[in-house]
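Numbers restart at 1 for each chain; the letters A, B, ... are given by sequence-line order, proteins then strands.
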2 protein chains.
Amino acid sequence: MDICVTTLLRDKGFKVTPQRLAIYSALAATKAHPSAEMIYNELQPVYPTMSLATVYKTIEILKELNLVQVLNVGEDSFRYDADTTNHPHVRCMGCGRVDDLYGVDSSEFIKQVSSQTDYTLQGQQFYFYGMCPRCQKQTAAVS
Amino acid sequence: MDICVTTLLRDKGFKVTPQRLAIYSALAATKAHPSAEMIYNELQPVYPTMSLATVYKTIEILKELNLVQVLNVGEDSFRYDADTTNHPHVRCMGCGRVDDLYGVDSSEFIKQVSSQTDYTLQGQQFYFYGMCPRCQKQTAAVS
DNA sequence: ATTGTTGCAAACTATTTGCAAGGCG
DNA sequence: CGCCTTGCAAATAGTTTGCAACAAT
């Protein structure tokens, strides 16, 4: 995996630095769809001198290399996903967590949209909003 | 229409002010999904003393009254839509315009997602990205 | 050695908030 | 008249940028 990133970076003329590898690894190792700040906080213990700016700059490059995709779940900050397959996401209105939605076939839906519009479609993002199992229980307990 | 907003505002204990009516009217009169700043600029000639803060505060209220929905098309700013039915949107990667996608039935797709997740779903947003007809032509002309 | 990268601080932008003056009910 | 709203300015938060010191190739 990391070898892959190393090669990809070098091939595109980017230098391979420990910070870049660490940021990508952090993203690849989680399904939590962290924000820039969450990545920064997670790496603080290991890279105490690393700045938030470096996180942003690196994400910019990873985006260019198609190693991360950007999510815009309607919060104040962006979230990032090292899984670049185009899958829907769901955000919990209770705790704010963002999960993947696998096992959903959106191709029919996309085909339908494509036939209805005179746009040339290049991509899409599907965001669902609801309550995660844990927050459902808490709400039930309160009432 | 405006009578409707007036009534809704009063019923919920909000005061009816010319600014609020103007902001809602501006939103209801367009399909361009303007940002707060676009609304502000459009109303500048008519309400030269109105501030951006008022636009934001009013939108907050309209949101509460379910008179507008918020779009998060992946730009730096939010966009607003007085059409509160849940329809997909498409943004042109060329010129940035945002259009509605009508005539698309997403109920099957939503049902499928609903059955695949243990979230309790409350809503969703579908964003498509592509090239609008006008930008397609321009790109073709350049190449 | 060269060129890109880091990390700090400052800049920037969208949005929110505090508050005094003003307007709606 | 009382309370809500406006509009200004300042605050806030996320992200971006400039630049000198530094590191990868």
### Task
Sequence neighbours left out, what passes side chain to side chain donor-acceptor pair (under 3.5 Å) with A:Ser51? Give chain and number order.
A:Thr54
### Task
Round to the nearest Å and state the distance from B:Met38 atom CE to C:dT15 atom P.
12 Å
### Query
OH of A:Tyr56 versus P of D:dG18: gap in Å, rounded?
18 Å
#### Entry: Between P of C:dA14 and OH of B:Tyr40, the distance in whole Å
13 Å
### Query
How many angstroms lie between atom CE of A:Met93 and atom CG of B:Leu121, to the nearest 0.5 angstrom?
11.5 Å
### Query
For DNA chain C, whose closest nucleotide is more 5', that of B:Asp76 or that of B:Pro18?
B:Asp76
### Residues in side chain to side chain donor-acceptor pair (under 3.5 Å) contact with B:Glu64, at least two apart in sequence or another chain
none
Quick test: give all pairs of protein nitrogen or oxygen and nucleotides 6-8 of chain D nitrogen or oxygen below 3.5 Å, distance rounded to 0.1 Å.
from: D:dT6; atom 1: OP1; to: B:Thr17; atom 2: OG1; distance (Å): 2.7
from: D:dT6; atom 1: OP2; to: B:Arg20; atom 2: NH2; distance (Å): 3.4
from: D:dT6; atom 1: O3'; to: B:Gln19; atom 2: NE2; distance (Å): 3.0
from: D:dG7; atom 1: OP1; to: B:Gln19; atom 2: NE2; distance (Å): 3.2
from: D:dG7; atom 1: OP1; to: B:Thr49; atom 2: OG1; distance (Å): 3.0
from: D:dG7; atom 1: OP2; to: B:Thr54; atom 2: OG1; distance (Å): 3.2
from: D:dG7; atom 1: O5'; to: B:Thr49; atom 2: O; distance (Å): 3.3
from: D:dG7; atom 1: O6; to: B:Lys57; atom 2: NZ; distance (Å): 2.6
from: D:dC8; atom 1: OP2; to: B:Thr49; atom 2: O; distance (Å): 3.3

### Among B:Leu21, B:Val16, B:Thr17, side-chain contact (heavy atoms from CB on, under 4.5 Å) partner for B:Gln19
B:Thr17
### Query
Taking atom types as modelled and ignoring hydrogens, do the side chains of B:His89 and B:Asp100 form a donor-acceptor contact shorter than 3.5 angstrom?
yes
### Query
Could you give the CD1-to-P distance, from A:Ile23 to D:dT15, as a whole number of Å?
14 Å
### Message
Between P on D:dT25 and CZ on A:Phe14, what's the gap in Å once rounded to a whole number?
### Response
14 Å
### Query
B:Lys15 has a side chain; which of D:dT15, D:dT25, D:dT5 sits nearest to it?
D:dT5
### Task
Measure from CG on B:Asn72 to C1' on C:dT15 and round the result to the nearest Å.
13 Å
### Query
Quick one: A:Arg10 CZ to C:dT3 P, roughly how many Å, whole number?
19 Å
### Task
Can you measure from OG1 (A:Thr58) to CD1 (A:Ile39) and round to the nearest 0.5 angstrom?
9.5 Å
### Query
CG of A:Leu52 versus P of D:dA13: gap in Å, rounded?
14 Å
